[in-house]
K.L.:
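One structure coming up, written as structure tokens, with questions to follow.
Keep in mind the model is a prediction, meaning the values are calculated, not measured. In what follows, every heavy atom counts, from backbone to side chain, and hydrogens, waters and symmetry copies are set aside.
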Amino acid sequence: MWLQSLSFRTGVIVLLCCIPFYILSFAQMLLPISAAAKGVLWTVLFGLAKTCQYGGLTILGVEGYNRVRNWLKRKKG
């Protein structure tokens, strides 16, 4: 209930925050560290990405999701 009371802009910002976490979760595989550390880093970063994704979608709700989708359609065509 509290998340849905946040603004549309906040939802978009939280949703966009998942992109760097997804990138970092896979880019950290290039680091010269142990496999166990890579696994832990991947779990934490991928978890943060999913948390941002679902949190942003919760804040946006159905109406906000449709608003973003329509904006993207207008931008393409």
Side-chain angles (χ1 to χ4, degrees):
M1 189 65 105
W2 174 76
L3 286 177
Q4 292 175 339
S5 69
L6 296 173
S7 72
F8 174 80
R9 183 178 178 196
T10 304
V12 170
I13 291 169
V14 171
L15 198 55
L16 289 175
C17 284
C18 74
I19 295 170
F21 286 124
Y22 278 124
I23 292 169
L24 288 173
S25 69
F26 291 103
Q28 58 84 24
M29 295 296 180
L30 301 172
L31 294 174
I33 54 178
S34 69
K38 286 180 183 181
V40 169
L41 275 174
W42 185 84
T43 302
V44 169
L45 292 170
F46 195 76
L48 285 170
K50 283 296 184 185
T51 302
C52 288
Q53 180 183 353
Y54 292 134
L57 288 174
T58 303
I59 293 169
L60 287 178
V62 174
E63 192 60 41
Y65 173 74
N66 290 334
R67 190 169 156 186
V68 170
R69 194 177 71 201
N70 290 336
W71 179 77
L72 288 173
K73 283 182 182 178
R74 277 193 313 246
K75 201 107 162 129
K76 287 181 182 178

K.L.:
Return the minimal non-hydrogen interatomic distance between Trp42 and Ser25, and the atom names on each side.
P.N.:
CD1-O, 2.9 Å
K.L.:
How long is the gap from CG on Leu72 to NZ on Lys75, to the nearest 0.5 Å?
P.N.:
9.0 Å
K.L.:
Rounded to the nearest 0.5 Å, how far apart are SG of Cys18 and CG of Leu48?
P.N.:
11.0 Å
K.L.:
Please check if the number of heavy atoms outside Arg9 that lie under 6.0 Å from its CZ is greater than 12.
P.N.:
no
K.L.:
Under 4.5 Å between side-chain heavy atoms, hopping through other hydrophobics if needed: is there a path connecting Leu15 to Trp71?
P.N.:
yes
K.L.:
Less than 6.0 angstrom separating the ring centers of Phe46 and Tyr22, yes or no?
P.N.:
yes
K.L.:
Looking at every non-hydrogen atom in both residues, tell me the closest pair between Met29 and Lys38 and how far apart they are.
P.N.:
O-NZ, 3.0 Å
K.L.:
Once you round to the nearest 0.5 Å, how far does CD1 of Ile59 lie from OH of Tyr54?
P.N.:
15.0 Å
K.L.:
What verdict does the side-chain contact (heavy atoms from CB on, under 4.5 Å) test give for Ile33 and Leu41, after you've listed the backbone C-alpha separation in whole Å, the side-chain angles of each residue and the deciding distance to 0.1 Å?
P.N.:
CA-CA 10 Å; Ile33 54 178; Leu41 275 174; 3.6 Å; yes
K.L.:
For Phe8, which residues count as a ring pair (Phe, Tyr, Trp, His ring centres under 6.0 Å) partner, sequence neighbours excluded?
P.N.:
none
K.L.:
From Gln53 CD over to Thr58 OG1, what is the distance, rounded to the nearest 0.5 angstrom?
P.N.:
10.0 Å
K.L.:
Look up atom OG in Ser7 and atom CG in Leu60, then write down how far apart they are to the nearest 0.5 Å.
P.N.:
9.5 Å
K.L.:
Of all residues at least two apart in sequence or in a different chain, which pass the side-chain contact (heavy atoms from CB on, under 4.5 Å) check with Leu24?
P.N.:
Leu45
K.L.:
Any link between Leu16 and Ile23 through a network of hydrophobic side chains (Ile, Leu, Val, Met, Phe, Trp, Tyr) touching at under 4.5 Å?
P.N.:
yes
K.L.:
With the 4.5 Å side-chain cut-off for hydrophobic clustering, are Phe26 and Val40 part of the same group?
P.N.:
no
K.L.:
With a 4.5 Å heavy-atom cut-off, do Thr10 and Ile13 have their side chains touching?
P.N.:
no
